Novice: 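Take this structure first; my questions come after.
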Amino acid sequence: MSVVVRFAPSPTGMLHVGGARTAIFNYFFARAHGGRFILRIEDTDTERSKQEYTDEILDSMRWLGLDWDAEPIYQTQRFDLYRSYVRKMLNAGTAYKCWATAAEIDEMRAKAQAEGKKPMYDRRFRDFEGPEPAGPYVVRFKAPLTGTTIVHDLIKGDVSFANEEIDDFVILRSNDAPTYNFTVVVDDVEMGISHVIRGDDHLNNTPKQIMLMNALGMKVPHYAHVPMILGSDKVKLSKRHGAVAVTNYREEGYLPEAMLNALVRLGWARGDQEIFSKADLAAEFKLEGCGSSPSVFDRTKLDHLNNHYIREKSLEELSDLLKLSYGVDLSVLLATPSSRKLFEALRERAVKLTDFASLASWYLDNNFVRDEASMKEIVATTPRDALDALAGKWAALATADFSGPKAFEAIKETANNLKLKIPQLAKPVRVLLTGTLASPDLGIVLEALGRDRALERLRRI
RNA sequence: GUUCCCAUCGUCUAGAGGCCUAGGACACCAGGUUUUCAUCCUGGUAACCGGGGUUCGAAUCCCCGUGGGAACGCCA
């Protein structure tokens with residue numbers, strides 16, 4: 001059977017972590033099974049849907065490298081199709097018009113709840129006959145009253161719902177717009193979707209959709225409901241957990257590779273493997289690897305992965321990426337073997353791409369800021385003649401001879417001559433040259449800076 | 001409230017009845033390397049929600065509790 005899957009975001013907000021994970025599962029399921037991955041924009045809520053959100057979602061998808069196989073389908077352009085199906089059901093008697101007002105429905109729900117049942121519509125117009133009342137109406141599905149609907153879920157197993165639990169839900173609003181549960185059914189079938197892979201929060205909608213498909217005589221696709229992603233407080237991840245939009249992470253300096261890897265491991269595993277490339281996943285992603293319990297999204301793991309993928313990038317790639325996406329120009333570090341060594345050292349410690357700017361600030365800008373506390377506690381307590389002696393030694397070296405080992409050797413000699421321990425001199429030097437105690441290997445720093453800049457900084461107290 | 005789902009280290013997870021004195025990763029802690037921080041290396045702390053079954057044997061199967069989550073809309 002040919003595999004066709006879809007990712008169906010509604011453009012009422014940015015692509016968030018949960019949606020991205022669903023998209024990722026769909027995408028790799030399609031790739032691993034030689035199937036198609038289609039995008040469907042569920043914009044039937046014309047009040048809240050915005051083009052800018054659609055643009056943002058597509059942009060995030062591209063950033064993650066999730067390319068789709070056909071032009072996205074917009075539900076608002078298919079209203080005629082949905083309405084034709086509504087008419088079909090009206091004619092077949094599997095749907096009916098309902099004139100109940102909002103107030104009446106609220107009353108019914110309250111009543112049902114008081115009786116210990118789910119809040120439900122009481123089907124008062126289900127068998128209504130005679131002259132149609134004036135005023136607006138909705139179209140409701142004539143849901144089966146008895147029996148059981150079973151969802152054969154590829155992740156959860158068989159889940160059964162008593163049909164009496166499901167009310168005659170609305171399929172066409174009074175403004176003539178079809179509702180979600182209806183458009184999904186029409187589209188999933190019309191688009192030939194073979195596997196519906198979506199969030200667990202839709203599991204309760206699935207029996208409704210299956211019922212509709214049965215009423216329409218349609219073939220039911222396979223379903224797979226992936227567990228929710230939770231915040232650290234264990235409730236469904238949402239805006240109040242802080243950064244949840246994929247774009248936020250991109251702006252913060254995360255790599256798409258890291259995001260992808262982190263997200264795919266949420267609710268999915270393949271033995272003990274932790275690192276997954278796009279190619280790995282496209283080859284071996286299987287629904288069988290999906291777990292069934294929800295998972296907490298952990299930023300520290302993402303940080304670790306991000307550092308991992310930053311280290312895998314070449315200096316050239318990094319430089320381009322930094323300039324293009326973050327406006328940080330480190331191309332000067334590409335120039336010489338010495339500066340490249342420094343760049344490599346920085347790459348090792350950068351957790352986010354945005355870290356590079358501060359990591360390299362002392363190198364890029366001669367007016368870099370020195371840490372005041374370190375200046376006071378370390379530099380100020382260092383004998384001035386030691387620094388002067390060191391300056392003399394450095395000055396005696398030819399510019400071309402100012403290699404890391406030689407420049408550092410000068411520090412050692414000076415320290416020894418003055419009966420200082422090496423760190424006693426190395427630390428203040430580090431602060432003077434880089435402004436902080438946390439910088440790459442001093443040899444690398446010295447060589448990258450070169451004799452004259454190093455000397456100038458050493459003397460500038 | 002009702003329905004449905006879920007339950008292994010702090011977190012992500014491996015585990016499909018004996019391979020489990022429960023493995024890996026992140027985080028954390030300690031030691032080593034080092035001129036600092038970090039990296040790197042080595043080691044360590046840390047979990048099968050509880051109770052009943054089934055079985056020679058259960059983290060794994062069943063039941064009941066408990067806890068958590070989701071859904072119940074003319075939102076999607």
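Predicted model only: the values in this text are computed from it and were never measured. Lettering of chains follows the sequences in order, A, B, ..., and the numbering in each one begins at 1.
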Novice: Looking at every strand, decide which applies to A:R40 at a 4.0 Å heavy-atom threshold: base, sugar-phosphate, or nothing.
Specialist: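 The residue A:R40 makes no contact with any strand.
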Novice: Are A:D200 and A:H225 close enough that a side-chain donor and a side-chain acceptor fall under 3.5 Å?
Specialist: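 A:H225 and A:D200 do not have a side-chain donor-acceptor pair below 3.5 Å.
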Novice: What pairs of residues pass the side chain to side chain donor-acceptor pair (under 3.5 Å) test when at least one of them lies in residues 7-22 of chain A, not counting sequence neighbours?
Specialist: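 The answer is A:S10-A:T12.
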Novice: With a non-hydrogen cut-off below 4.0 angstrom, is A:D167 in contact with a base, only sugar-phosphate, or nothing?
Specialist: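 A:D167: no heavy atom of the nucleic acid under 4.0 Å.
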Novice: Polar atom pairs between nucleotides 41-49 of chain B and protein, under 3.5 Å, N or O only, would you list them?
Specialist:
none

Novice: Is A:L442 touching bases, backbone alone, or none of the nucleic acid, heavy atoms closer than 4.0 Å?
Specialist: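 Since a base atom lies under 4.0 Å of A:L442, the category is base.
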Novice: Let's see if you get this right: which residues in residues 41-50 of chain A place a heavy atom under 4.0 Å from RNA chain B?
Specialist: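 Contacting residues: A:E42, A:T44, A:D45, A:R48.
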Novice: Tell me what A:P136 touches on the nucleic acid: a base, only sugar-phosphate, or nothing, going by heavy atoms under 4.0 Å.
Specialist: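 No contact.
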Novice: Is A:K421 touching bases, backbone alone, or none of the nucleic acid, heavy atoms closer than 4.0 Å?
Specialist: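 Result for A:K421 = nothing.
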Novice: Only pairs with both distances under 3.5 Å count, Watson-Crick or wobble alike; so what is the partner of B:A7 in this structure?
Specialist: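 In the structure as shown, B:A7 has B:U66 as its Watson-Crick or wobble partner.
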Novice: Go ahead and name the base partner of B:U60; Watson-Crick or wobble counts if both distances stay under 3.5 Å, otherwise write none.
Specialist: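 Matched B:U60 with nothing under the 3.5 Å cut-off.
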Novice: How about A:H241 and A:D233: does a side-chain donor come under 3.5 Å of a side-chain acceptor?
Specialist: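 Per modelled atom types, A:H241 and A:D233 side chains form a pair under 3.5 Å.
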Novice: With sequence neighbours left out, what residues match A:D45 under side chain to side chain contact (heavy atoms under 4.5 Å, CB included)?
Specialist: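 Side chain to side chain contact (heavy atoms under 4.5 Å, CB included) check on A:D45 returns A:E47, A:R48, A:S49.
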Novice: Does a side chain donor of either A:E190 or A:Y85 reach within less than 3.5 Å of an acceptor in the other side chain?
Specialist: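 A:Y85 and A:E190 do have a side-chain donor-acceptor pair below 3.5 Å.
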Novice: Taking only residues at least two apart or on different chains, which pairs with a member in residues 414-437 of chain A satisfy side chain to side chain donor-acceptor pair (under 3.5 Å)?
Specialist: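 Output for this query lists A:R430-A:S439.
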Novice: A:K208 side chain N/O closer than 4.0 Å to the phosphate oxygens (OP1, OP2) of B:C72?
Specialist: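 It does not, given that no N or O in the side chain of A:K208 lies less than 4.0 Å from OP1 or OP2 of B:C72.
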Novice: What is the base-pairing partner of B:C74, counting Watson-Crick and G-U wobble geometry with both distances under 3.5 Å?
Specialist: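 Its partner is none (no Watson-Crick or G-U wobble pair with both distances under 3.5 Å).
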Novice: Indicate whether the side chain of A:N261 and that of A:Y309 have a donor and an acceptor atom separated by less than 3.5 Å.
Specialist: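 Distance-only check passes for A:N261 and A:Y309.
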Novice: Under 3.5 Å between N/O atoms: give me all the protein pairs with nucleotides 3-6 of chain B, atom names plus distance.
Specialist:
unit_1: B:C5; atom_1: O2'; unit_2: A:K156; atom_2: NZ; d: 2.9

